[in-house]
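Below: one structure, written as structure tokens.
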Amino acid sequence: MKKIVVKFGGSNLRQPQDIDRVVNVVQTYNRPLVLVVSAFYGITNALIGCVQAAKEGAGTKAALAESRNYTLTLRALKKEIVEANIQDAAHRERTEKALGERLDQLDRFLTGIHCIGDVPTFVNDAILSYGERLSSLLLTEVLLSRGIAAREALPEDIGLITDGVFGNSACDFEASTASVAKALEGNEVIVVPGFYGVDREGKTTLFGRGGSDYSAASIACCIGAESLDVWKDVDGFLSADPGTVTTPRSISQLNYLEAAELSYFGAKILHPRTVEPLFNQDIPIRILNITRPDRGLQPYTIINAQRKVTKDVVKSVTSTEDVAILKLHGPGVGFKPGILAQVTNTLDQNGINIKSVLTAQTAINILLARDHLDAAYAALKEHHLAGVVDVSRNDEVAIVAVVGDGVLEASDVGSAIASRALSAAIASGVRVTLAAAGASEVAAYMLVHQEDRKKALQAVHAEFFGG
Ligand code: ASP
Ligand code: MG
């Protein structure tokens, strides 16, 4: 029988009592599973804070004390969770001891960076993985204490090998598939910490923020899973962010491309690269809501290969402020060969990823992640590109995108979609900086003034889904 890979994220793990809901879900499946878990809510951010504090105060007693304090806080938190969830005293003690050993390893890394006064990237990745390493150990022990056959499996032990890029790695499927599949055989519930894999030397490399989704997808791909079930605390993918639009609709089905574009353009529900490994094997992703036990194992959203153009074409409107525009000005930049090649080369050498490029005769617009803007600006200023008379930057923008299969179809409905979105935004007074359609078959987007992001999202959502 094929296994199901089940992922629980930080939103499922906020309070000590939340573990109960997770155990209930595992019992409801009543079959062999691979669980992939994130850190408890907020832990990764706190670890990032710890590393940052260590960097800034490198070597000082105050900074060392601060990170010691943090591991003490973690110890107390874990103790509280163990006490709330494991009844048997001896089992409790064993679990606390095992967690303590793991926290000692974390302590050693933190002390190390104080001693050398620097945080090498491989140490950074190792430290940040501890949130997940604590979750997997804890959950395994709680499952065992409830009489459920379970074991923990760490990425380094099962051979989840990556391309070795610290902070933002990808799974190396050629190197991983056979060993991961073999290591995850068996009928017990197997618990894997998400967020990281290891390079060929065994060093921890992270899959990027929110990367546990990608871990789970990679594992599902390696073992040829029946499905990847992602548990959330919301009703699946929605037609818009519920914080901005009052009554967004839940979306029952999306194809892989739509889900990828929605995540790319700001929907926070899945890591943007989650669908990548599943695409080829046609493994469905099912999004379920842990706060709705009445629904059992019935998902809110299923993501698969089916391409359905719905009557209204647009399935969701999304937005993100993680974007900035770098603009190269020059009377003939659109016409001059080779400029773009130099630009992309320079940015690539500086490790900067380009989100999109839109050119005209007198300007080249490069869209970037916001925290890459200053480095990109400095690199291009320094490079002096022939034909470019000025470089400017703008980070007061946001992207608003409409996503749905058929958005760009040459039919009347399809081609009208992008212009309807644009007109709706402009009619409600939104300052639109740029608009683009055609880069993806299922998405069209516009850049608006950052202050107008909410207004734009509401206007465009109302246009397709009613006020
Ligand atoms: N804990 C990691 C993060 O906060 C990974 C994850 O949650 O998926 O980014
Ligand atoms: Mg997450």
Side-chain angles (χ1 to χ4, degrees), residues 5-15 18-19 21-22 34-52 70-71 73-74 77-78 81 99 102-103 106 109 119 121 123-139 152 154-156 160 162 165-171 191-198 204-221 228-234 237 259-260 262-264 266-278 285 287-290 303 320 322 369 371:
V5 175
V6 181
K7 190 250 166 181
F8 294 105
S11 68
N12 307 134
L13 301 165
R14 289 174 196 257
Q15 320 270 340
D18 288 352
I19 296 228
R21 289 200 298 208
V22 170
V34 176
L35 306 185
V36 176
V37 286
S38 296
F40 263 71
Y41 189 77
I43 301 282
T44 309
N45 283 344
L47 287 169
I48 291 172
C50 250
V51 171
Q52 199 51 37
Y70 185 63
T71 47
T73 312
L74 274 179
L77 175 69
K78 296 298 151 185
I81 299 171
L99 287 167
R102 230 163 251 194
L103 282 159
L106 172 61
F109 276 119
V119 191
T121 46
V123 177
N124 180 67
D125 283 25
I127 291 176
L128 298 197
S129 72
Y130 272 85
E132 274 66 16
R133 292 175 194 265
L134 294 169
S135 291
S136 56
L137 175 59
L138 199 74
L139 183 58
E152 187 189 28
L154 299 177
E156 53 268 51
L160 186 64
T162 69
V165 178
F166 293 108
N168 190 23
S169 59
C171 181
V191 189
V192 184
F195 195 25
Y196 76 96
V198 290
T204 299
T205 66
L206 299 177
F207 292 131
R209 287 311 304 272
S212 299
D213 292 339
Y214 179 76
S215 304
S218 301
I219 290 169
C221 173
L228 165 59
D229 289 8
V230 180
W231 287 82
K232 292 276 162 189
D233 59 356
V234 292
F237 270 93
L262 276 175
S263 304
Y264 184 72
K268 297 231 167 43
I269 189 156
L270 278 186
H271 183 286
R273 275 170 34 215
T274 311
V275 305
E276 236 173 73
L278 306 172
I285 307 174
I287 317 260
L288 303 100
N289 185 348
I290 204 160
I303 301 160
T320 176
D322 183 19
D371 58 4

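In what follows, every heavy atom counts, from backbone to side chain, and hydrogens, waters and symmetry copies are set aside. Ligands are counted one by one from 1 in listed order, and the atoms in each one are counted from 1 as well. In this chain, residues are counted from 1 in sequence order.
- Between the E152 side chain and the L137 main chain, a donor and an acceptor come within less than 3.5 Å of each other.
- Note: an N/O pair closer than 3.5 Å links R209 and ligand 1 by distance alone.
- A heavy-atom separation below 4.0 Å is found between G210 and ligand 1.
- Every atom of ligand 1 is numbered from 1 in the order shown, and the set under 4.0 Å from a heavy atom of T44 is 1 (N), 2 (C), 3 (C), 4 (O).
- When non-hydrogen atoms are compared, ligand 1 lies under 4.0 Å from the side chain of S38 (C-beta onward) but not from its backbone.
- Checking only distances, E132 does come within under 3.5 Å of ligand 1, N or O to N or O.
- For the side chain to side chain contact (heavy atoms under 4.5 Å, CB included) with F8, the qualifying choice from I290, D18, V36 is I290, the only one to do so.
- Not a single N or O atom of G208, backbone or side chain, sits closer than 3.5 Å to an N or O atom of ligand 1.
- Residue G211 places a heavy atom less than 4.0 Å from ligand 1.
- For the pair Y214 (side chain) and C171 (backbone), a donor-acceptor distance under 3.5 Å is present.
- If you take CD1 on I48 and CG on N124, they are separated by 8.0 Å, rounding to the nearest 0.5 Å.
- Side-chain contact annotation: T205 with T162, donor-acceptor N/O pair under 3.5 Å present.
- With respect to R209, the side chain to side chain donor-acceptor pair (under 3.5 Å) criterion is satisfied by exactly one of N45, T44, N168: N45.
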